[in-house]
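Taking it in order: structure first as structure tokens, then the write-up.
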Amino acid sequence: MQPVITLWRAGDVPRLWLDQIAAWFLHEFHWPMAHTAPADWRVLATIGGDLIGHLSITERAATAGGAPVALAGIGAVIVQPGWRGRGVGRALLARAEAAMREETAADFGLLICEAHRLTFYTALGWQPVPGPLFFTSWRGERQQAGQHVLVLPLREGLTWPPGEIDLCGLPW
Ligand SMILES: CC(C)(COP(=O)(O)OP(=O)(O)OC[C@H]1O[C@@H](n2cnc3c(N)ncnc32)[C@H](O)[C@@H]1OP(=O)(O)O)[C@@H](O)C(=O)NCCC(=O)NCCS
């Protein structure tokens with residue numbers, strides 16, 4: 001059986017799956033998903049009705065180098081351990097890319113990742129940018145992200161503005 005990849009409006013995702021995703025998030029990233037920005041869209045991978053993979057898409061008016069930039073933030077990219085290495089992650093990102101282009105007004109996708117995930121994303125067309133990147137924590141404090149920042153231009157001819165990035169809100 002092949003995994004099925006589907007795009008959901010965030011509000012339509014069943015509670016049971018949201019609870020599963022939150023548990024995966026805590027396990028993988030060691031902080032609560034409740035401290036991240038509410039998603040607008042979710043891409044789910046299911047097999048026989050069971051959830052095996054997920055990512056979130058959050059639209060955000062942010063700034064880069066002081067200029068406004070319309071973002072679609074990709075977060076909580078997780079494939080269940082037994083399903084890794086079979087193309088599910090790549091399929092989730094491909095569906096998300098189509099959704100960002102077709103369903104959002106964003107000019108760039110943006111995600112934050114650890115160094116050991118850089119090759120996974122750059123192979124899918126994501127481009128590292130220097131940042132630094134700041135966000136507002138759930139406590140309302142301005143914080144700098146310690147990880148790598150990657151962007152994906154969603155329209156022709158767009159160049160990422162250099163300089164400090166401010167997500168102007170919660171991270172994803
Ligand atoms: C990252 C993750 C989502 C990848 O999912 P996946 O289904 O295993 O990925 P895929 O099978 O689609 O891999 C796609 C390609 O990336 C490669 N790849 C996957 N993980 C990689 C890694 N850590 N480093 C380098 N390449 C990697 C695969 O070999 C594959 O390349 P290929 O097409 O040449 O064979 C999965 O490992 C995961 O859930 N990790 C834990 C949570 C996490 O760290 N998420 C990312 C947060 S930014």
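Just so you know, ligand 1 is whichever comes first in the structure, and atom 1 is the first atom listed for that ligand. The shown structure was predicted, so the numbers you read here are calculated from the model rather than taken from an experiment.
Taking both residues in full, the closest heavy atoms of Ile57 and Ala99 are given as CD1-CB, 4.0 Å, listed atom of the first, atom of the second, then distance.
The pair Arg101-Glu156 does not meet the salt-bridge criterion, since no charged nitrogen lies less than 4.0 angstrom from a carboxylate oxygen. Salt-bridge annotation for Asp12 and Arg42: absent, with no side-chain N of the basic residue lying under 4.0 Å from a carboxylate O of the acidic one. A salt bridge between Arg90 and Glu97 is absent, with no side-chain N of the basic residue lying under 4.0 Å from a carboxylate O of the acidic one.
Using a distance-only test at 3.5 Å, with no hydrogens or angles considered, no donor-acceptor pair links the side chain of Arg60 to the main chain of Gly73. Although no hydrogens or angles enter the test, the distance criterion places no donor-acceptor pair under 3.5 Å between the side chain of Thr136 and the main chain of Arg142.
Within 4.0 Å of ligand 1, the residues that place a heavy atom are Glu28, Phe29, Val77, Ile78, Val79, Arg84, Gly85, Arg86, Gly87, Val88, Gly89, Arg90, Ile112, Cys113, His116, Arg117, Thr119, Phe120, Tyr121, listed by chain and number.
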